[in-house]
Structures are given as structure tokens and as C-alpha cells.
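Every number for a ligand or one of its atoms is a count from 1 in the order of the listing. All heavy atoms count here, side chains included; hydrogens, waters and symmetry mates do not.
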Amino acid sequence: MLGLGYGERAGAVITKGRTLMRARTTPSAGALYPFELLVAFRGATTYELYEYEVAGCCLRQIGAIEQGVLAGLLALPEAPAPQPDAVVALVGRPWTSMRKYGRRGYLYTHLDGAHAATNITMAAESAGFRPVTYLRFDRDTAAEVLGLTGLCREPQALITLTATPTADPVESSAVANPFAVPIWRHGDGTRREEPGTAEQEAWHSVRSISTFHRQDDTPRRYGSSRTVAAIPQAPAAAPAAHGAPGTPGGSVTAAIRLAGADGFRSDGHRAAFAHLALTRASAKGFLPTSLGEEAFGHVLAELRQETGTDSADGPRAGLRVLVRSVEGIAPGSYAYTPDRHVLYPLHGDGGTEEAVVASCMNQDVVRSAALLLVLHAPMGPLLGTRGRQALAELHHHAASAAQRLCLAAAGQSVGITCLGGFDTDLVSRLVGLDGHEEVIYVLACGRPDETAVKWDRAPIAYSHGLSPALHS
Ligand SMILES: Cc1cc2nc3c(=O)[nH]c(=O)nc-3n(C[C@H](O)[C@H](O)[C@H](O)COP(=O)(O)O)c2cc1C
């Protein structure tokens with residue numbers, strides 16, 4: 001399950017310094033994977049704590065946690081009530097991303113970690129477990145319980161796994177990741193790398209936005225929820241310069257119903273999830289041809305799926321779609337609502353190629369994208385009313401949505417690339433966001449161009465607004 005959720009897969013990616021590394025099942029900004037995974041397995045009286053090493057697919061035992069301590073952290077009823085069979089801890093190490101991307105790397109740490117956490121929950125579901133993702137826990141206490149105090153690591157998500165009576169281990173192993181063959185190691189004494197001065201400075205520089213540095217007491221709301229926000233009623237369209245897609249005068253426009261509303265599930269079948277997890281990859285460029293409306297509808301339909309969480313009442317990003325070249329849908333900006341699986345025409349004409357490339361920090365990868373998916377939220381007001389916990393939750397759920405989209409795109413042979421390198425003002429203008437709305441995350445979709453070369457993993461980062469040309 002770990003190997004499929006966050007393991008190595010076929011192929012290689014180029015990383016910092018142009019070295020090659022084995023590709024992994026989840027995406028990460030600059031292929032830096034700024035997080036670690038710990039897993040606690042329930043024993044007779046304690047949970048045995050292991051560190052999961054993705055390279056080599058190893059589990060190394062690093063300690064044990066009293067069952068009552070873990071139950072206390074998660075506010076679970078104590079034994080003899082049934083305890084989860086395992087708890088996966090997704091632990092961010094912001095410095096890994098911040099040393100390349102500066103403070104923006106802290107947000108990438110949240111996004112990258114949430115991609116992996118989501119994929120693990122999907123792998124767990126397909127292996128017959130009932131996962132619940134916890135985001136509302138005391139991160140400081142969690143760091144202490146997991147033996148991370150003083151190491152500049154932030155526990156971002158805890159996932160409890162409970163086997164369902166129907167779980168069939170034989171069948172799950174039949175769809176395991178052939179690139180990640182598990183090896184168990186017991187207490188070989190290897191210690192975690194200690195943070196140096198630069199890492200400690202980076203850690204302190206995020207004090208004002210990190211939930212780790214100020215604990216939050218938002219009550220939990222358990223439930224099953226979607227990863228993007230629904231729109232309660234049809235929005236009024238902005239007057240459109242060329243008559244499409246908005247209607248003159250800003251009147252309410254007819255919704256476009258998308259394909260796939262009833263029942264496409266990328267993870268409904270064990271083998272299906274395994275196949276999608278192992279074939280997912282970021283598109284390096286797009287062909288200048290249209291995307292079929294049906295495939296597009298099926299990709300978005302994945303956002304109708306729900307996931308078990310402790311923050312079911314938390315904020316979710318809204319989704320705008322900048323259609324550039326989709327069969328049967330006029331170019332322009334649209335608002336998507338997952339409950340009705342429809343697009344509402346809003347504004348503009350899809351933007352020029354130059355405007356789209358500029359909005360993504362001059363990254364050529366988006367030049368011929370058939371569409372951009374833009375996750376957005378009223379960041380300032382949310383931070384005011386809900387505090388910094390809102391920042392952690394929004395980014396988690398936004399990346400959860402993105403991971404689902406990546407898998408669904410793999411299932412439809414649609415190319416997709418997550419983009420952390422964007423200019424929030426330029427993207428906002430393209431999709432017609434106003435007021436306090438800020439862009440959190442962008443994804444580009446289209447027909448993949450297998451011959452394209454990507455530059456975001458070069459040593460100089462696009463998110464600093466610098467192109468390779470400026471540094472050559
Ligand atoms: C948070 C995040 C931000 C990313 N930003 C960009 C980006 O700005 N430009 C880009 O071309 N790729 C971007 N990527 C994609 C990564 O480059 C890609 O995931 C990584 O190189 C690993 O390759 P793979 O996804 O094919 O496994 C991003 C991925 C994530 C998760």
C-alpha cells in the first residue's frame with residue numbers, strides 16, 4: 001500500500017543538479033519530496049513506529065508509542081474500544097523545498113505532502129482499509145510523540161487505517177507496486193539528519209504562517225467530504241467582450257453539464273487504482289490540439305468523490321477552469337461545481353498564448369495546454385476568521401483534489417501537470433477572480449507532448465520568477 005501510495009515507479013525524473021532519480025508515484029515541486037513518512041503499527045500494548053524510506057521501499061523500526069498516547073493525540077476512545085490498525089504520519093521537512101524555492105517552498109511542502117497523503121488514502125481504500133485523514137491535531141505534541149522535537153519537521157497529516165472485514169490481503173498483493181518490493185529492517189541505529197543553521201532559520205521564518213508554531217483548537221468535524229467547494233447557486237456571468245462565454249449584461253447563464261456525472265470511479269477497483277498510480281506522470285508539454293469534452297468531463301468527475309476526514313466543515317478551494325481548446329466548449333473562464341458536475345460560463349475568451357505562458361512564470365510547458373484548472377480561495381478573510389489552520393487545510397484539500405485529477409487524467413490518457421510556479425495576479429485576471437480571492441494551485445491539461453523537455457527542475461527555480469535564460 002505504501003509502495004503504491006508513495007513509492008518508486010517506472011522511469012526517471014531529472015532533479016536538482018541535473019541528476020537522475022527514479023520517478024515516484026506522486027508529483028512534487030522540483031521533484032524534491034520535502035517530507036518523510038512514518039508508520040505506527042498496532043501491537044499488543046504499543047504501536048511500533050517505523051520510518052518508511054521510499055528509495056528501496058524499506059521500513060526501519062525507530063521506536064514504539066504507548067497506545068494511550070496515540071489515542072490521546074487523535075482524541076480516540078481508548079482501549080478496549082477498537083484502535084486503528086495503523087497510523088501513517090506525513091511529516092513535512094520544509095527546508096528541503098525552501099532551500100530552492102524560498103518561503104514559497106513552505107507552501108509546496110504542504111502541497112507535496114498532501115499529494116502523497118491522498119494517494120496513500122486511495123491506496124488504502126483500494127486495499128480494503130477505511131482511512132481517515134486528520135488535519136486538526138496538535139502538531140507540536142505530534143512531533144514529540146513521533147520523536148521529532150527540535151528537528152524542524154512538521155507533522156502535516158495523520159491517517160488512521162482500519163481494516164474492513166472484507167479486506168483480502170491476497171488480492172491486494174496481486175496489485176502491489178512491482179517497482180517497490182518491501183524490505184523490513186529492525187533498529188539499525190541510523191539517526192535522522194540534524195538541522196543546520198540555515199534549516200533552523202528557514203523553520204523560524206515560517207513562524208507567522210505555520211500551524212506548528214501556533215496550535216489551533218478548531219473542533220473536529222468527522223465526515224466524508226469533497227476536496228473542492230460547491231457553488232450554492234449559478235453565478236452571474238461577467239459581460240463578455242466577444243459574446244462568449246459570458247452573456248451581455250452579466251445575467252445568469254445556462255450551466256454546461258459535463259460527461260461522467262454518473263459513476264466513473266478511478267479508484268473503484270483495486271487493479272484500477274494500482275494501474276493509475278503506476279502510470280501517472282507529469283506532462284512535459286502539450287500538443288496544440290483540442291481535448292475531447294468527454295475525457296475532460298470524466299477527469300473532473302473524480303472531484304465528486306468523497307474522502308474521510310476530521311475537517312469535513314473546513315474551507316475548500318473553489319475551482320475555475322480556463323478553457324482554451326476543448327471540443328464543444330467555448331474558450332473562456334468557467335466556475336465548476338462538483339455537486340451538479342456543471343460549468344458556469346463566466347468571463348473572457350481563454351486568453352492569448354502569451355498571456356497564459358506569462359501567468360505561469362513563462363513556463364513553456366503550458367503554451368499549448370487545452371485548459372488550466374485554477375484552485376482559489378479568499379485567503380486573507382479565511383486567515384482572519386479561521387486562523388492559520390485554514391492555510392494548512394486549504395492547501396491539503398487543494399492538493400488532494402489535484403492528486404485525484406492526476407490519477408483520473410492518467411485513466412483518460414489526458415496530459416496533466418501541477419504548477420506551483422504561477423503569478424497569482426495574472427492567473428486571477430485570466431479567470432476573472434476578484435476581491436479577496438487568491439490562487440492556491442494551478443494545473444494544466446491537454447494532449448500530452450511526449451517529446452517536450454521541462455525546465456522547472458533546473459537548479460534555478462521558476463517560482464523565483466527567473467527564467468533559465470536570465471541565468472545562462
Ligand atoms: C506542488 C507542485 C508544484 C509543481 N510546480 C511545477 C511547475 O511550476 N512547473 C512544472 O513544469 N512542473 C511542476 N510540478 C511537477 C513536478 O515537476 C513533477 O511532479 C516532478 O518533476 C516529478 O515528476 P512526475 O510528476 O512526472 O513524477 C509541480 C508539482 C507539484 C506537486
Any heavy atom of Tyr33 sitting closer than 4.0 Å to ligand 1? yes

On the ring face of Phe296, is Arg324 found with NZ or CZ under 6.0 Å from the centre and within 45° of the axis? no

Would you say ligand 1 has an N or O under 3.5 Å from any N or O of Ala281? no

Check ion pair Arg320-Glu437 (N to O, under 4.0 angstrom): no

Could you check whether any heavy atom of Met361 sits closer than 4.0 Å to an atom of ligand 1, since that is the contact criterion I want to use? no

Judged by non-hydrogen atoms, does Tyr441 sit under 4.0 Å from ligand 1? yes

For residues Ser325 and Ser290, is any side-chain donor paired with an opposing acceptor at under 3.5 Å? yes

For Asp112, counting its heavy atoms only, list the atoms of ligand 1 lying under 4.0 Å from any of them. 1 (C), 2 (C), 30 (C), 31 (C)

What are the atoms of ligand 1, with element, lying closer than 4.0 Å to any heavy atom of Arg24? 27 (O)

With a distance cut-off below 6.0 Å to the six-membered ring centre and an angular limit of 45° from the axis, does Arg139 pair with Phe137 as a cation-pi contact? yes

If the threshold is 4.0 Å, N to carboxylate O, is there a salt bridge linking Glu393 and Arg136? yes

Can you check whether His115 has an N/O within less than 3.5 Å of an N/O in ligand 1? no

Does Arg9 have a heavy atom less than 4.0 Å from any atom of ligand 1? yes

Output the list of atoms in ligand 1 that are nearer than 4.0 Å to some heavy atom of Gly420, sorted by atom number. 3 (C), 4 (C), 5 (N), 6 (C), 7 (C), 8 (O)

Can you confirm, on distance only, whether ligand 1 has an N/O atom lying under 3.5 Å from any N/O atom belonging to Cys418? yes

Report yes if some N/O of Gly421 lies less than 3.5 Å from some N/O of ligand 1; otherwise report no. yes

Going by distance only, is there an N or O of Gln363 that falls short of 3.5 Å from an N or O of ligand 1? yes

Check whether any side-chain N or O of Tyr108 sits under 3.5 Å from a backbone N or O of Gly420 as a donor-acceptor pair, and report yes or no. yes

Answer side chain, backbone, both or neither: which part of Leu111 comes under 4.0 Å from ligand 1, heavy atoms only. side chain

Testing the basics here: between Val366 and Ala444, what is the closest heavy-atom pair and its distance to 0.1 Å? CG1-CB, 3.9 Å

Dump the intermediate steps for ring pair (Phe, Tyr, Trp, His ring centres under 6.0 Å) on His341 and Tyr336, then the final yes or no. CA-CA 7 Å; His341 194 46; Tyr336 173 73; 5.7 Å; yes

Do Arg22 and Phe179 form a cation-pi contact, if we require the NZ or CZ to be under 6.0 Å from the six-membered ring centre and within 45 degrees of the ring's axis? no

I'd like to check which ligand 1 atoms, numbered from 1 as shown, lie under 4.0 Å from a non-hydrogen atom of Thr417. 10 (C), 11 (O), 12 (N)

Under 4.0 angstrom from ligand 1, any heavy atom of Ser28? yes

Short side-chain donor-acceptor distance under 3.5 Å, Thr307 and Arg404: no

